[in-house]
Peer 1: 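First the structure, then my questions, so here it is.
None of these values were measured; they are calculated from a predicted model. Order of the sequence lines fixes the chain letters, A, B, ..., with proteins taken first and strands second; residue numbering starts at 1 for each chain. These values consider heavy atoms only, across backbone and side chains, with no hydrogens, waters or symmetry-generated copies.
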2 protein chains.
Amino acid sequence: MQSQNISDIIEKYLKSILADAEHVEIRRSEIADLFNVVPSQINYVIKTRFTIQNGYLVESKRGGGGYIRIEKVNLLDDADVLDTLIQVIGDSITQRDAYAVVQSLYEDGVLNRREAQLILVATDRNTLAVNDRDLENSLRARIIIGILNHLRYES
Amino acid sequence: MQSQNISDIIEKYLKSILADAEHVEIRRSEIADLFNVVPSQINYVIKTRFTIQNGYLVESKRGGGGYIRIEKVNLLDDADVLDTLIQVIGDSITQRDAYAVVQSLYEDGVLNRREAQLILVATDRNTLAVNDRDLENSLRARIIIGILNHLRYES
DNA sequence: ATAATAATAGTCAATATTAGTCAAAGATAT
DNA sequence: ATATCTTTGACTAATATTGACTATTATTAT
């Protein structure tokens with residue numbers, strides 16, 4: 001019940017805004033000032049509590065007029081199927097296995113034909129064209145996982 | 001929500017004119033005065049937000065009666081859009097420029113929203129997660145070009 | 001015509017204004 | 001005790017703003 005560290009408090013503050021609004025847009029230093037913490041703590045709070053797994057999208061911009069924007073998105077029903085796939089893929093996947101993953105997503109109706117093709121092209125060995133097989137496989141894993149994470153919610 | 005910085009505001013102002021007109025022709029100092037910025041900021045706005053990757057052509061003239069003219073071009077009107085884009089991309093492209101390119105393709109109906117999102121995710125810096133900026137940019141270029149070539153082949 | 005001047009826009013580098021990363025130190029939970 | 005989570009701050013990166021200087025074109029004076 002009682003874990004009232006400042007990160008939790010900041011989390012609740014942001015979520016209370018998100019309860020009424022589609023998204024919240026902050027200036028990092030303002031929130032840091034408000035709660036008397038260093039600015040980078042805001043990054044910590046976001047990184048640990050506003051993940052895509054929890055249904056939050058975060059975008060930001062630096063420079064004058066910079067901001068951090070947190071948006072609550074609707075997670076889709078097959079979100080946990082995606083979780084499983086993501087775990088299976090891990091941090092490396094061969095082109096062959098990637099094909100199988102994309103194929104099964106297509107068969108399940110998660111992707112249409114054109115989308116499946118796009119992903120296969122993007123993760124093709126000749127597209128990536130790195131000399132290092134390990135790097136190639138880990139890039140492929142990150143690209144596919146990135147896309148799977150994107151498929152969790154409706155935009 | 002708010003475009004806090006003045007460059008975004010100027011961008012929106014110009015684009016609002018372009019929403020109704022074929023092109024917009026300005027006197028640099030007038031716009032600078034209007035928004036209370038130095039004239040060279042107009043160049044900054046144009047250079048960062050009205051590039052060919054964004055689908056805009058800019059021409060200008062100095063001297064008395066000088067002007068800057070911005071025109072929105074439709075890449076689909078051109079028979080060899082993809083060739084042009086591929087050439088512009090070359091073997092390296094930043095995330096920002098990639099965003100502009102994908103956005104243009106979306107606006108021109110080459111990609112639908114979901115496809116555009118997939119490509120942006122696949123080429124996002126955090127997805128690629130290589131800590132070598134040159135490698136990152138060249139991977140991004142290969143992925144986008146690979147996809148563009150695939151689109152050409154498909155249609 | 002030509003030269004001087006005025007009226008534009010362009011470039012570039014310095015500075016300002018944000019946010020991001022990372023690792024060390026501190027606190028808390030198991 | 002140890003592992004995990006939180007807090008902090010030094011350093012980095014991205015973007016925006018500004019202004020001095022340059023380049024180009026038009027107009028005016030000779």
Peer 1: Scan B:Gly63 against the nucleic acid and name what it touches under 4.0 Å (heavy atoms): base, sugar-phosphate only, or nothing.
Peer 2: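 Here B:Gly63 touches the bases of the nucleic acid.
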Peer 1: Nearest whole Å is fine: how far is C:dT17 P from A:Ile68 CD1?
Peer 2: 18 Å
Peer 1: Can you measure A:Asp33 atom CG to D:dT7 atom C1' for me and round it to whole angstrom units?
Peer 2: 16 Å
Peer 1: Between atom CG in B:Asp97 and atom C1' in D:dA14, what is the gap in whole Å?
Peer 2: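 Atom-to-atom, B:Asp97 to D:dA14, this comes out as 14 Å.
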Peer 1: Can you find a side chain N or O atom of A:Lys61 that sits less than 4.0 Å from OP1 or OP2 on D:dA16?
Peer 2: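 Yes.
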Peer 1: Find the distance B:Ile10:CD1 to D:dT15:C1' and express it as a whole number of Å.
Peer 2: 14 Å
Peer 1: Write down the atom of A:Thr51, the atom of A:Lys47, and the distance for their closest heavy-atom approach.
Peer 2: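 Residues A:Thr51 and A:Lys47, closest heavy atoms: CG2-O, 3.5 Å.
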Peer 1: Side-chain N or O of A:Ser60 less than 4.0 angstrom from OP1 or OP2 on C:dG20?
Peer 2: yes
Peer 1: To the nearest Å, give me how far apart CZ (A:Arg27) and P (C:dG20) are.
Peer 2: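 Checked: the CZ to P distance equals 13 Å.
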Peer 1: Taking DNA chain D as the partner, which of residues 41-54 of chain B come within under 4.0 angstrom of it by heavy atom?
Peer 2: B:Gln41, B:Tyr44, B:Arg49
Peer 1: Measure CD1/B:Ile31 against P/D:dT17 and give the value in whole Å, please.
Peer 2: 16 Å
Peer 1: Would the base of C:dG20 count as contacting A:Arg62 through its side chain, where contact means a donor and an acceptor less than 3.5 Å apart?
Peer 2: no
Peer 1: So for atom CG, which belongs to A:Asp91, do other residues, nucleotides or ligands contribute more than 12 heavy atoms lying within a distance under 6.0 Å?
Peer 2: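 Check fails, neighbour count at 12 or below.
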Peer 1: Once you apply a heavy-atom cut-off of 4.0 Å, does A:Gly66 come out as touching a base, just sugar-phosphate, or nothing?
Peer 2: sugar-phosphate
Peer 1: With the side chain counted from C-beta on, respond yes when A:Leu148 and A:Leu151 share a heavy-atom pair under 4.5 Å apart, and no when they do not.
Peer 2: yes
Peer 1: Taking A:Ile144 as the starting point, is it possible to reach A:Leu135 by hopping between hydrophobic residues whose side chains are less than 4.5 Å apart?
Peer 2: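 Linked, A:Leu135 and A:Ile144 end up in one cluster.
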Peer 1: Counting heavy atoms from C-beta on, name the nucleotide in D:dT17, C:dC22, D:dT15 closest to the side chain of A:Ser40.
Peer 2: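 Minimum distance to the A:Ser40 side chain belongs to C:dC22.
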Peer 1: Given atom CD of B:Gln95 and atom C1' of D:dA14, what is their separation to the nearest angstrom?
Peer 2: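 B:Gln95 atom CD is separated from D:dA14 atom C1' by 11 Å.
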Peer 1: With a 4.0 Å cutoff (strictly under), does any side-chain N or O of B:Arg125 reach OP1 or OP2 of D:dA14?
Peer 2: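 So the side-chain polar atoms of B:Arg125 do come within 4.0 Å of the phosphate oxygens OP1 or OP2 of D:dA14, strictly under.
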Peer 1: Expressed in angstrom and rounded to an integer, what is the separation of B:Asn5 atom CG from C:dT18 atom P?
Peer 2: 10 Å
Peer 1: For a quick check of understanding: with a heavy-atom distance under 4.0 Å over all strands, which category does B:Arg133 fall into, base, sugar-phosphate or nothing?
Peer 2: sugar-phosphate
Peer 1: Is B:Glu107 salt-bridged to B:Lys72, going by a charged N under 4.0 Å from an acidic O?
Peer 2: yes
Peer 1: Check this for me: does any side-chain nitrogen of one of A:Lys61 and B:Asp8 sit under 4.0 Å from a carboxylate oxygen of the other?
Peer 2: yes
Peer 1: The side chain of A:Ser7 is closest to which nucleotide in this list: C:dA19, D:dT18, D:dT6?
Peer 2: D:dT6
Peer 1: With distance as the sole criterion, is a donor-acceptor pair present between the side chains of A:Asp124 and A:Gln95 under 3.5 Å?
Peer 2: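 Per modelled atom types, A:Asp124 and A:Gln95 side chains form a pair under 3.5 Å.
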